[in-house]
Amino acid sequence: MIRKTFPAGAMIFFEGQPADCAYIVERGQVEICATRDQTHITLAKLGRGEIFGEMAVIDNSARSAAARAVEETEVLIIRQDQLKRRIEDAEPMVGQLLGSLITRFRQAQNGLLNDLPGRLRGGGHLVVAEPTGGSVRGESALEWISREYDLERGLAAGEFEPFFQPIVTVERGELAGFEALARWRHPERGLVAPCEFIDLGEKCGLIRQIDLKIMAEACALLRKAAGDGPMPFLSVNLSSQHFTDLDVVTGLAERLRATGFPADHLKVELTETALVQDPVTAYDVLCRIKDLGVKLALDDFGTGYSSLSYLHRFPFDVLKIDQSFVRELGNPGRTHHIVESIITLAGRMGMEVVAEGVETEDLIPPLRDLGCTFGQGYHYSRPVAADRMAEMLDR
Ligand code: CMP
Ligand code: MG
């Protein structure tokens, strides 16, 4: 369940209850309240975009107050795993800070609540804070959680599919392989490009499933399209998140087996970011991927760290030179020398080189002169859907 509607006056939860989720107000108004000595105490009134019920989830404790719908109210549910992942992904100190703030807040508020009715000798109704009493209101949490649910839904509904961009030999312009690129066929937004969902997918951890799904489908589609003819290679992208444990190795092996795709025709593309956080584990993962017979490509080389030590320490078979370098190749100057050095270096180390972003014909002679093996870019073809990929193989 993603959202819930409460009629006016309905209790959302009670003080002291255990908790399994937090909420964001999407519409309506929520009163945070407590009762002491027959006195009803209003602690806060929350409106659209405000979060409540987060404390007990964060510190695994009981609800510090009750929550009630003032008018008909719609809330979006933030599951425990969604909330905790965000805290765990932050610096460890953020989690610690939140924990201690909540403990101190609970103590202070308990003191206040137990003290108030007696001091006012009232009974009846006490209001501690008027609406907009200090919680942070905004669209951003609401938007992130809605988009996250949409991504989960899209994945379950099979809306992700691979597009295929040809990778061509520079020398003779022959089709050698394809890079599989993820597309989200969204029922309302149309065809969504990766730049619009990768970041979100990494934040909520779904990127691993998306990557493997694209890989499996691309393998199946390419194998079918190739039929008995020559089999082009397939390059797939894996997010940095795969390189923190060995799960991806099993994941790839299973899908290779299920699709019957030849492992030695598969290349896994990753960027240097994947190697930075935990190089020891990443190294282990890369070696095991190679044990499957799959090749490794270092993607977007030239943008990130461009570290020679990564080239040297990790067992890459292919180097993909980022388009920002390739585009400059026509112009005389320093970039030309950089690309030349990269290609020479890669060649000496026994790696193949793919030039990304080959958008115009005039880039081909310099690439050829530099001995670059493969090119990829709009000059050859944009990424195309599976049926167009099959047509390209027929020709
Ligand atoms: P939790 O303790 O899980 O359940 C009750 C929720 O009410 C709590 O999380 C906060 O989200 C919210 N809450 C408690 N006290 C206040 C307050 N003084 N002002 C605003 N919100 C509060
Ligand atoms: Mg890539």
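Throughout, residue positions are numbered sequentially from 1 according to the sequence presented. Counting starts at 1 for both ligands and their atoms, following the listed order.
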**Asked** Where the side chain of Asp278 meets the backbone of Thr281, is there a donor-acceptor pair that is under 3.5 Å apart?
**Response**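 Yes, the answer is positive, given that a donor and an acceptor are paired below the 3.5 Å cut-off.
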Under 3.5 Å: donor-acceptor pair, side chain of Glu272, backbone of Tyr310 |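 Not a single qualifying donor-acceptor pair exists.
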Can you find a heavy atom in the side chain of Val75 that is under 4.5 Å from one in the side chain of Arg27? no
Checking heavy atoms under 4.0 Å, the part of Ala44 that sits near ligand 1 is side chain
For ligand 1, the portion of Glu15 having any non-hydrogen atom under 4.0 Å away
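No part of Glu15 comes within reach of ligand 1.
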Check ion pair [X]-[Y] (N to O, under 4.0 angstrom):
| X | Y | value |
| --- | --- | --- |
| Arg106 | Asp59 | yes |
| Arg388 | Glu391 | yes |
| Arg79 | Asp20 | no |
| Glu74 | Arg3 | yes |

Heavy-atom proximity to atom 16 (C) of ligand 1, picking from Gln109, Glu50, Glu54, Arg63, points to Gln109
Which of Thr344, Val353, Ile342, Leu329 passes side chain to side chain contact (heavy atoms under 4.5 Å, CB included) with Leu370? It is Leu329
Hphob cluster co-occupancy, Leu155 + Val248, side-chain heavy atoms under 4.5 angstrom:
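No, separate clusters.
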Does NZ or CZ of Arg63 fall inside the cone over Phe13's six-membered ring, less than 6.0 Å from its centre and within 45° of the axis?
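Yes, a cation-pi geometry.
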Report task. Taking the six-membered ring for Trp and the full ring for Phe, Tyr or His, determine whether the centres of Phe163 and Phe178 are under 6.0 Å apart. Result ->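 Ring centroids of Phe163 and Phe178 are no less than 6.0 Å from each other.
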Near [X], which atoms of ligand 1 are under 4.0 Å from a heavy atom of that residue?
| X | answer |
| --- | --- |
| Ala56 | 1 (P), 2 (O), 3 (O) |
| Ser64 | 1 (P), 2 (O), 4 (O), 5 (C), 8 (C), 14 (C) |
| Phe52 | 11 (O) |
| Phe13 | 4 (O), 5 (C) |

Review point. Taking distance alone, with no angle check, do Gly53 and ligand 1 share an N/O pair under 3.5 Å?
Key: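 There is such a contact, yes.
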**Min N/O separation Phe105 to ligand 1 under 3.5 Å** =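 Checking ligand 1 against Phe105, no N or O pair falls under 3.5 Å apart.
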Counting only protein N, O or S atoms (no waters) closer than 2.8 Å to the Mg ion (ligand 2) gives 4
Would you please determine whether Ala65 falls within less than 4.0 Å of ligand 1 on a heavy-atom basis?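 True for this residue.
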